Amino acid sequence: MRVVKLEASRRAGPAQRLSHAWFVQGLRAVASSPAEFSIMLFHALLSSPLGDILLSAHEHCLTGLYFTDQRDCPHLPGLAAVSESEIVSRPSAGVVRGRAARSLRAIRADSASATGELFPADALIGIDATPASQPAALRLLQADTPAGALVVLEQTLRELDEYWRGGRKVFGVSLDPQGTAFQKRIWQALLDVPCGATLSYGELGERAGLGAGHGRAVGTAVGSNPISIIIPCHRILARNGTLNGYGGGLSRKAQLLEIEGFTIRA
C-alpha cells in the first residue's frame with residue numbers, strides 16, 4: 001500500500017491553494033493537520049462508459065483518478081495487469097476515421113444542442129458514452145477500507161455517474177492531489193476552467209499567473225494531473241484548437257469534450 005506524506009494544512013480564506021493538504025473544490029479548507037504525518041491510501045475500481053477507472057483516496061479526500069490503461073496508473077495488488085499493447089503509451093497518438101486524432105478540433109456544438117443531438121451526423125467521434133441504467137459498483141481493493149475513505153470513494157462514484165448522465169457540471173468531492181508547488185498551481189488553474197469551456201496551454205499559464213515562455217512546463221504539469229476528469233485537463237487544447245494530447249488517450253479526450261457539448265471535427 002502506498003504511503004504519502006502530506007504538507008501542512010491550515011485554515012485559509014478564499015485564496016487557499018492546492019499546496020495545502022486538504023481542500024474542497026471551491027477553495028474551502030475542510031480540516032487542519034499536523035505539520036508532517038503519514039497517511040494510508042485506499043483504492044477502488046469502477047466501470048465507466050470510457051473504460052475501467054482506478055480511484056485512490058485517504059480518509060478525507062480523493063487523491064487519484066486514473067483510467068487503468070494509462071501509463072501512469074499505479075500498479076497495485078488486486079489490480080489486473082494491463083498488457084503493454086493496451087497501455088496508452090503516447091498521449092498524442094491515435095487515428096479516427098483515417099485522420100490523426102491530435103489534429104482534430106473541438107468545436108462548441110451550440111447548434112447541435114439546439115437540435116437535441118448529442119453527436120451531430122458530421123461529428124468524427126460520436127461514440128456512445130451513455131451510462132448503464134444503474135450506477136456502477138465500487139470494487140474495493142482493500143478489505144480494511146475505513147469509513148471515511150469509503151465515503152470519499154462513494155461520493156466520487158455518485159458524482160461521476162451524474163456527470164456521465166449530463167446532470168453534473170461541477171464536482172464537489174474533496175481533493176488532495178500530490179505534486180510540486182508548480183504542478184498544484186497549474187492544477188488549481190485547471191479547476192477554474194468550467195464545463196463547456198476550453199483554454200490553450202498558454203492561456204492556462206496566464207490564468208495561473210505565469211508569463212510567456214512557460215508553455216512546455218505548463219504542458220508537463222497538465223500531463224501529470226493525477227485526478228483525471230475532475231481536475232479537467234481534457235479542457236486544454238493546442239493554441240489552434242486541436243486536441244493535441246491526453247494521458248488517457250485522445251479518443252477519451254474527444255468523448256469527454258463531447259459530453260460537455262463540443263463536436264469533434266477535422
Side-chain angles (χ1 to χ4, degrees), residues 15 17-19 25-27 50 65-67 70-72 88-96 99-113 119-120 122-126 129 163 169-171 175 177 179-266:
R17 313 305 289 176
L18 299 189
S19 58
Q25 186 169 329
L27 311 184
L50 302 188
L65 190 161
Y66 305 88
F67 292 102
Q70 282 183 231
R71 172 67 68 181
D72 56 350
V88 179
S89 57
R90 294 177 57 203
S92 61
V95 175
V96 175
R99 300 178 185 272
R102 69 173 300 172
S103 68
L104 299 178
R105 297 173 184 272
I107 309 298
R108 184 66 195 170
D110 294 326
S111 58
S113 299
F119 302 124
D122 60 344
L124 285 175
I125 305 295
Y163 172 79
K169 298 184 183 300
V170 177
F171 290 89
L175 305 175
T180 67
F182 181 83
Q183 287 173 328
K184 291 179 181 181
R185 184 174 181 177
I186 300 303
W187 300 339
Q188 180 65 56
L190 284 172
L191 283 173
D192 294 332
V193 183
C195 182
T198 61
L199 293 177
S200 70
Y201 292 89
E203 290 169 333
L204 181 68
E206 291 174 2
R207 294 283 184 92
L210 301 172
H214 288 83
R216 186 178 296 275
V218 169
T220 300
V222 169
S224 301
N225 170 28
I227 305 181
S228 297
I229 305 175
I230 296 176
I231 298 179
C233 53
H234 61 277
R235 297 175 190 160
I236 307 305
L237 308 176
R239 186 175 296 277
N240 63 1
T242 55
L243 298 186
N244 195 52
Y246 186 61
L250 280 176
S251 64
R252 287 193 179 112
K253 184 171 186 173
Q255 288 173 283
L256 290 167
L257 289 168
E258 286 183 321
I259 289 170
E260 297 179 3
F262 290 86
T263 299
I264 306 303
R265 294 192 175 102

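For reference, positions follow the sequence shown, starting with 1. Quantities reported herein were computed from a predicted structural model and do not represent experimental measurements.
- Scanning all heavy atoms of the two residues, the minimum distance from F67 to I229 falls at CZ-CD1, 3.9 Å.
- Partners of A106 by side chain to side chain contact (heavy atoms under 4.5 Å, CB included), not counting sequence neighbours, listed by chain and number: L237, L243, L257, F262, I264.
- Listed by chain and number, the residues in a ring pair (Phe, Tyr, Trp, His ring centres under 6.0 Å) with Y163 are F171 (sequence neighbours excluded).
- Scanning for side chain to side chain contact (heavy atoms under 4.5 Å, CB included) contacts around P226 gives Y66, P177, W187, with sequence neighbours left out.
- Considering only residues two or more places apart in sequence or on other chains, R102 meets the salt bridge (charged side-chain N to carboxylate O under 4.0 Å, His left out) condition with none of them.
- For the salt bridge (charged side-chain N to carboxylate O under 4.0 Å, His left out) condition, no pair includes a residue of residues 220-230, sequence neighbours left out.
- Applying the side-chain hydrogen bond (donor to acceptor under 3.5 Å, both in side chains) test to T242 and every residue at least two apart in sequence or in another chain returns N240.
- A search for side chain to side chain contact (heavy atoms under 4.5 Å, CB included) contacts involving S103 returns A100, not counting sequence neighbours.
- Applying the salt bridge (charged side-chain N to carboxylate O under 4.0 Å, His left out) test to pairs two or more places apart or on separate chains, those with a residue in residues 238-256 are D69-R252.
- Among pairs with a residue in residues 214-231, none fulfils salt bridge (charged side-chain N to carboxylate O under 4.0 Å, His left out), at least two apart in sequence or across chains.
- For the salt bridge (charged side-chain N to carboxylate O under 4.0 Å, His left out) test, residues two or more places apart in sequence or in another chain that qualify with R71 are E84.
- Annotation: side chain to side chain contact (heavy atoms under 4.5 Å, CB included) contacts of E203 (sequence neighbours excluded): L199, S200.
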